[in-house]
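Numbering of residues begins at 1 and proceeds along the displayed sequence. Predicted model only: the values in this text are computed from it and were never measured.
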Amino acid sequence: MPFSVRILRFFGILLLGVCALGVAAISWAYLIEPNLLFVRQVDYRIPQWNGRGSPLKVVVAGDLHLMPTAFDEVRVLRYVQRIMQLKPDLILLVGDYARGSSKNASMNPQKAAQLLQGLEAPCGVFAIQGNHDFTFGWNNWKKELTHAGIRILADKSVLITLNDGRRLQLSGLLDSFRHSKKQLPERQSPNIPHIVLCHRPEIDHILSEGDADFIISGHTHGGQIRLPFNLLWFEASPEHTQPYTYPWHISAGNKYLITKGLGTSTLPLRFNCPPEIYLLTLH
């Protein structure tokens with residue numbers, strides 16, 4: 001066989017192999033990985049509690065991006081079941097229950113709330129708004145989630161008192177937080193831990209030193225597609241030019257716990273970035 005023919009055959013086989021690998025990768029990213037679910041365990045020591053009391057188990061979930069399909073109804077029920085298996089003391093939902101900006105592309109608030117009403121925790125279930133939750137109107141989401149027993153934090157705080165007397169301040173921001181520092185609820189006391197829920201991890205400009213112990217966010221989806229060495233990522237924050245670090249991210253001296261979320265948005269793919277919830281243990 002002439003040398004030139006052998007070369008052509010070699011590159012032909014190589015091209016077919018690359019194409020096959022590409023098809024396999026896309027199939028995985030579209031059909032398999034988005035339907036996985038990982039529980040990531042994260043620990044944080046609360047200095048104000050001085051080692052007192054039992055650890056507080058907190059589940060953090062976000063970016064469900066629910067579509068109006070029977071498949072997504074099953075998906076959210078599976079998430080609820082898995083969360084309840086963890087026996088959390090507190091459940092935090094960090095926004096984006098809707099998918100996209102079209103009502104035709106998103107599950108409606110009433111149906112979504114019915115599916116989420118199985119969430120229960122001794123210290124409560126709390127939710128904040130995401131940037132996609134203007135679909136169907138945020139007031140509709142707020143009303144339906146409230147009917148399902150989920151407390152909405154919209155530019156306000158609650159003070160949670162545990163059975164042993166320890167206290168925790170929990171604040172939540174609307175997605176319009178970027179416009180004014182006035183929307184950030186005031187810290188009640190430096191002796192009480194203060195956790196802020198904000199869908200987007202981009203609130204450095206309204207935070208002063210000591211405003212919060214840490215911020216819990218979603219929104220980024222972890223990039224959804226992450227190739228090794230950060231060769232490619234699609235984090236949903238165009239203002240942020242470098243990839244976030246997970247689970248903890250430090251920016252301008254502020255500490256963020258960022259979840260990669262459960263759903264997909266415009267790009268219906270996940271690769272090397274499976275859906276996740278956090279089991280955050282506060283010591």
Hydrophobic clustering (ILVMFWY, side-chain heavy atoms < 4.5 Å, transitive) - are L77 and V59 grouped together? yes

Tell me, do R40 and K260 make a side-chain contact under 4.5 Å, heavy atoms counted? no

Could you tell me whether the side chain of Q129 reaches within less than 4.5 Å of the side chain of F134, counting heavy atoms only? yes

Do N163 and P122 come within less than 4.5 Å of each other through their side chains, counting heavy atoms only? no

Could you grab the distance from atom SG of C198 to atom CG of D175, nearest 0.5 Å is fine? 7.5 Å

If Ile, Leu, Val, Met, Phe, Trp and Tyr residues are connected whenever their side-chain heavy atoms lie under 4.5 Å apart, and connections chain through other members, are V80 and V74 in the same group? no

What closest approach, in Å, do A98 and W141 show between heavy atoms, and which atom pair accounts for it? CB-CZ2, 3.6 Å

Could you tell me which non-hydrogen atom of Y244 sits nearest to which non-hydrogen atom of E202, and how far apart they are? OH-CG, 3.9 Å

Under the criterion side-chain hydrogen bond (donor to acceptor under 3.5 Å, both in side chains), I'd like the reasoning laid out for Q85 against R82: C-alpha separation, chi angles, the key distance, then a yes or no. CA-CA 5 Å; Q85 287 174 348; R82 186 68 185 99; 3.3 Å; yes

Between atom CD1 of I150 and atom CD of E120, what is the distance when rounded to the nearest 0.5 Å? 10.5 Å

For I215, which of I203, I258, D204, L257 qualifies under side-chain contact (heavy atoms from CB on, under 4.5 Å)? I203

Should S265 and H132 count as side-chain neighbours, where that means a heavy-atom distance under 4.5 Å? yes

Report yes if the side chains of K143 and P109 come closer than 4.5 Å at any heavy-atom pair, otherwise no. no

When you look at D96 and R200, which way does the salt bridge (charged side-chain N to carboxylate O under 4.0 Å, His left out) test go after all the steps? CA-CA 10 Å; D96 272 3; R200 308 192 204 202; over 6 Å; no

Closest non-hydrogen contact found for M67 with D72 is N-OD2, 2.7 Å

Measure the shortest side-chain to side-chain distance between C273 and H221 over non-hydrogen atoms and say whether it is less than 4.5 angstrom. no

Please determine whether the number of non-hydrogen atoms from other residues, nucleotides or ligands lying under 6.0 Å from atom CZ of R151 exceeds 12. no

Kindly work out whether a path of hydrophobic side-chain contacts (I/L/V/M/F/W/Y, heavy atoms less than 4.5 Å apart) joins W248 to Y256. yes

Could you go step by step and tell me if T281 and H283 meet the side chain to side chain contact (heavy atoms under 4.5 Å, CB included) rule? CA-CA 6 Å; T281 303; H283 298 275; 3.5 Å; yes

Take L116 and L64 through the side chain to side chain contact (heavy atoms under 4.5 Å, CB included) test and state the conclusion after the steps. CA-CA 11 Å; L116 290 170; L64 279 80; 4.2 Å; yes

Side-chain heavy atoms nearer than 4.5 Å, only ILVMFWY residues, links allowed to pass through others: does that put V196 and I192 together? no

Where do T259 and I277 land on the side chain to side chain contact (heavy atoms under 4.5 Å, CB included) test, with the steps shown first? CA-CA 7 Å; T259 173; I277 57 177; over 6 Å; no

L267 backbone acceptor or donor facing Q224 side chain under 3.5 Å: yes

Taking side chain as C-beta onward, heavy atoms only, is H199 less than 4.5 Å from D63? yes

Other residues, nucleotides and ligands only: do more than 12 of their heavy atoms fall within 6.0 Å of NZ on K87? no

If you compare all heavy atoms of R166 against all heavy atoms of R52, which two are closest, and at what distance to 0.1 Å? NH1-O, 3.1 Å

In terms of side-chain geometry, is the basic nitrogen of R45 or D213 positioned less than 4.0 Å from the acidic oxygen of its partner? no

Can L90 and L282 be said to form a side chain to side chain contact (heavy atoms under 4.5 Å, CB included), step by step? CA-CA 11 Å; L90 177 65; L282 301 177; 5.8 Å; no

Shared hydrophobic cluster for L36 and L31 (ILVMFWY, side-chain gaps under 4.5 Å): yes

Where is the tightest heavy-atom contact between P268 and R99, given as atom of each residue plus distance? CB-NH2, 4.3 Å

Check whether more than 12 heavy atoms from other residues, nucleotides or ligands sit under 6.0 Å from atom CZ of R167, and answer yes or no. no

Is H219 reaching over with its side chain to a backbone N or O of P201, donor-acceptor style, under 3.5 angstrom? no

Exercise: identify the closest heavy-atom pair between K255 and I250: CG-CD1, 3.6 Å

Under a 4.5 Å cut-off applied to non-hydrogen side-chain atoms, are I216 and Y278 in contact? no

Crowding at NZ, K57 (>12 non-hydrogen neighbours, <6.0 Å): yes

For the side chain of E33 and the backbone of N272, is there at least one donor-acceptor N/O pair under 3.5 Å apart? yes

Is it the case that the side chain of D155 and the backbone of L174 share a donor-acceptor pair, with hydrogens and angles ignored and the cut-off at 3.5 Å? yes

Quick check: are there more than 12 heavy atoms from other residues, nucleotides or ligands sitting under 6.0 Å from CG of D164? yes

